[in-house]
Amino acid sequence: MDKLVNVLKGIIIGIATLVPGVSGGTMAIILGVYDDIIHSISSFFSDVRKNAVFLATVGIGGVIGLFGFSRLMEYLLANFRYPMIYLFIGVIIGGIPVLYKKTDTGNKKAVDWIFLPPVLSLSLL
């Protein structure tokens, strides 16, 4: 069952890669597999079979998401341009609270919000 969940998470990461302004890494963080991917790569030779199976399941899902939905994304962008742009903006803005919580170190200051507008403007390009 875990392998199927990892494939599905990989598909979502692959689809997110198609969305301008959203990286697959960001979606991996939101789905909770980023740390596992980094750990599997960094300690690959400590348990080759386990790490290879995990990376393969997420990777296969990513390839399915990337290639399986690229034509659909192209069609939707060609025929529903503005709703798709709004969807992309919603995905980008919707991911901000999750990423903000992930980076919570407990010592945030009001001045930290100064960096938010440049980050948002870069992600929308």
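When hydrophobic clusters are built by joining Ile, Leu, Val, Met, Phe, Trp and Tyr residues whose side-chain heavy atoms come closer than 4.5 Å, directly or via intermediates, F69 is grouped together with V91. There is a path of hydrophobic side-chain contacts, each under 4.5 Å, that joins L72 to F67. The hydrophobic cluster containing I41 also contains V58, counting ILVMFWY residues as joined when their side-chain heavy atoms lie under 4.5 angstrom apart, directly or transitively. The hydrophobic cluster containing V53 does not contain L31, counting ILVMFWY residues as joined when their side-chain heavy atoms lie under 4.5 angstrom apart, directly or transitively.
The line from CG of D36 to NZ of K9 is 7.5 Å long, rounded to the nearest 0.5 Å. With rounding to the nearest 0.5 angstrom, the CD1 atom of I11 is 11.5 Å from the CG atom of N6. Taking CG from L55 and CD1 from I60, the interatomic distance works out to 11.0 Å, rounded to the nearest 0.5 Å. Note that CZ of R71 and CG of L18 are 12.0 Å apart. Values are rounded to the nearest 0.5 Å. For the atom pair F54 CZ and D47 CG, the distance stands at 13.0 Å (nearest 0.5 Å). The distance from atom CZ of F80 to atom CG of L87, rounded to the nearest 0.5 Å, is 13.0 Å.
The shortest heavy-atom contact between L76 and M84 is O-CG, 3.6 Å. Heavy atoms only, all atoms of each residue included: A16 and S23 are closest at CB-O, 4.5 Å. Closest approach of M73 to V19, counting heavy atoms only: CE-CG2, 4.3 Å.
For N79, the CG atom counts as densely surrounded, since its 6.0 Å shell holds more than 12 non-hydrogen atoms of other residues, nucleotides or ligands. Within 6.0 Å of the OH atom in Y86, the count of heavy atoms belonging to other residues, nucleotides or ligands does not exceed 12.
Remark: the backbone N or O of S43 is paired with a side-chain donor or acceptor of N51 at under 3.5 angstrom.
In this structure, the side chains of I13 and V33 come closer than 4.5 Å at one or more pairs of heavy atoms.
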